[in-house]
Protein chains: 2
Amino acid sequence: MNRAEEDYLKQLYELSTNTQSERVKTADLSTALGHTAQSVNEMLKRLSDKNLVNYTPYHGVRLTKKGHQNAVRMIRAHRLWEVFLSDKLDLSWEALHEEAEKLEHATSEVVLDKLYTYLGKPKTCIHGNPIPTADGQVVQGATLTLAQAEPGDVFIVRRVQDHAPLLTYLQARDIALGARLSVVGHESLGDTLVVKHQNQTHRLGQSITARMFGDIET
Amino acid sequence: MNRAEEDYLKQLYELSTNTQSERVKTADLSTALGHTAQSVNEMLKRLSDKNLVNYTPYHGVRLTKKGHQNAVRMIRAHRLWEVFLSDKLDLSWEALHEEAEKLEHATSEVVLDKLYTYLGKPKTCIHGNPIPTADGQVVQGATLTLAQAEPGDVFIVRRVQDHAPLLTYLQARDIALGARLSVVGHESLGDTLVVKHQNQTHRLGQSITARMFGDIET
DNA sequence: CCTCTTTTTATGGTATACCTTAATTTTTAG
DNA sequence: CTAAAAATTAAGGTATACCATAAAAAGAGG
């Protein structure tokens with residue numbers, strides 16, 4: 001396994017988790033990774049040969065058991081490094097992702113286990129996302145998105161997707177985990193959600209609201 | 001800069017430090033990296049184009065200032081990770097090298113600085129080798145090798161080269177930093193050095209004695 | 001069922017970093 | 001000065017992982 005393959009598996013895992021469907025469309029993979037459809041197809045064939053994915057042309061890809069295991073290991077490494085970088089090295093919220101992205105590919109099983117213990121067996125990363133256990137179990141975090149909140153609701157941020165632009169955006173506006181957002185209403189035919197937070201009004205598009213998960217208080 | 005280039009620069013730095021000469025023979029690089037002379041030549045031309053080395057065919061290679069800076073940064077990362085892996089994660093002496101080898105290529109400047117502070121600004125790695133400062137200064141450690149010791153001397157181990165087989169060998173025989181080795185004599189026309197340590201007699205070849213540095217008490 | 005869109009395949013190309021085998025050049029040692 | 005040894009270059013090859021362009025196949029909707 002190398003960097004490229006690991007990235008594909010991780011991305012596949014994330015896409016199938018986000019869309020809550022096992023099968024992932026190659027076009028979506030292509031967009032997510034920023035590669036052409038042609039390149040993605042080539043790589044999927046290689047991953048298929050290695051039994052990491054199950055690829056049925058015209059019907060999407062699915063991680064095999066082996067592929068899933070590897071994907072989860074990468075996610076685990078990523079989130080554990082994020083905890084380390086934040087808790088121990090005090091890196092900024094938005095820098096975490098990029099650094100963890102590099103370290104995750106350079107971490108052996110042994111180091112991962114020791115790191116896990118050293119960090120006090122954390123259950124979630126800094127962005128609130130669950131850290132898979134060593135045997136690959138993933139505890140599902142909050143699934144309710146901010147996009148689903150209605151005017152009058154108070155939305156409490158529990159986890160956000162580890163997506164660089166989103167993190168930058170939220171950090172700049174002081175919206176962290178635990179933040180309480182009062183949903184004021186919708187704008188632009190429902191595309192934008194208007195929320196209040198600490199006397200500030202924010203207009204949030206779907207690429208933001210669909211990536212934030214939490215609880216609703218009515 | 002990528003993994004391959006970084007490895008070349010690091011190896012060049014180590015070879016020129018070990019031989020105490022600026023210029024490195026491509027044949028030595030070739031042996032150290034385990035690549036053919038042809039491959040090494042190709043790569044040296046690329047590194048030369050990028051101004052990382054100064055390559056005069058038939059007269060060896062030399063790191064440029066830029067190449068030196070990068071090499072030292074890799075050494076710094078390597079040794080800091082070793083300290084982390086040993087002090088914080090409690091990895092075994094011999095496992096350190098391999099793991100640090102991977103992490104060093106995945107570490108940004110920022111993380112390196114924070115890690116340095118977090119570890120308490122260590123001066124040497126676990127094998128006793130100096131950790132270059134952020135601005136590239138390297139404090140020279142012990143330079144006297146065990147190979148230079150004479151019968152009757154007591155050799156105190158201060159640092160050993162970060163060379164996997166050597167570390168495995170020493171760990172198996174409980175020879176750690178600070179170990180006091182009594183030099184008994186030579187064998188095989190001087191190829192082998194006979195030393196005593198904790199009631200054990202060891203016969204050490206040059207690939208071992210030339211890689212161990214320390215002080216001599218007469 | 002047929003068109004349109006999407007997806008896939010086919011071909012050929014790029015860069016990196018290795019390799020082998022075989023010349024050729026340069027250095028070095030006698 | 002010259003032959004042997006060492007270093008370099010030449011030529012062609014491999015695998016990985018991208019790319020573009022274009023053709024072909026399959027699916028989806030009316």
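Numbers restart at 1 for each chain; the letters A, B, ... are given by sequence-line order, proteins then strands.
- Every residue two or more places apart in sequence or in another chain that forms a side chain to side chain donor-acceptor pair (under 3.5 Å) with A:D7 is listed here: A:R3, A:H105.
- Using a 4.0 Å cutoff on non-hydrogen atoms, the parts of residues 24-40 of chain B near DNA chain C are B:G34, B:H35, B:T36, B:Q38, B:S39, ordered by number.
- Using bins of under 30°, 30° to 60° and over 60° for the plane-to-plane angle, the ring pair B:W93/B:H127 lands in the tilted bin.
- Within the cation-pi definition used here (under 6.0 Å to the ring centroid, within 45° of the axis), A:K88 does not qualify as a partner of B:F84.
- Near DNA chain D, meaning a heavy atom under 4.0 Å from it, residues 2-9 of chain A has A:N2, A:A4, A:Y8 in order of number.
- In this structure, A:N41 atom CG and D:dA22 atom C1' are separated by 15 Å, rounded to whole Å.
- Chain A approaches DNA chain C within less than 4.0 angstrom (heavy atoms of the protein), and the contacting nucleotides run 5' to 3' from C:dT7 to C:dT11.
- Among residues at least two apart or in separate chains, side-chain hydrogen bond (donor to acceptor under 3.5 Å, both in side chains) pairs with a member in residues 19-37 of chain B are B:Y8-B:H35, B:T36-B:S39.
- Rounded to whole Å, the distance from CD on A:E42 to C1' on D:dA17 is 8 Å.
- Contact detail for A:I126 and A:E82: the closest heavy-atom pair is CG1-O, 3.6 Å.
- Note that OG1 of B:T117 is 10.0 Å distant from CG of B:L112, once rounded to the nearest 0.5 Å.
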Might you work through the ring-ring contact (aromatic ring centres under 6.0 Å, His included) test for B:H78 and B:H97, ending with a clear yes or no? CA-CA 8 Å; B:H78 184 91; B:H97 181 69; 5.0 Å; yes

Set out, in order, the CA-CA distance, both residues' side-chain angles and the distance that settles side chain to side chain donor-acceptor pair (under 3.5 Å) for A:Y13 and A:N70, then state yes or no. CA-CA 10 Å; A:Y13 176 87; A:N70 279 285; over 6 Å; no

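- Atom OG in B:S16 sits 10.5 Å away from atom CD in B:Q11 (nearest 0.5 Å).
- By the 4.5 Å heavy-atom criterion applied to side chains, A:M74 and A:L9 are not counted as neighbours.
- To the nearest 0.5 Å, the span separating OG on A:S86 from CG on A:L89 amounts to 9.0 Å.
- In this structure, B:L44 and B:L29 have side chains that are in contact, with non-hydrogen atoms separated by less than 4.5 Å.
- Geometrically, A:R158 does not engage A:F213 in a cation-pi contact defined by less than 6.0 Å to the ring centre and at most 45° from the axis.
- The stretch residues 46-63 of chain B comes close to DNA chain C through B:R46, B:Y58, B:H59, each having a heavy atom under 4.0 Å from the strand.
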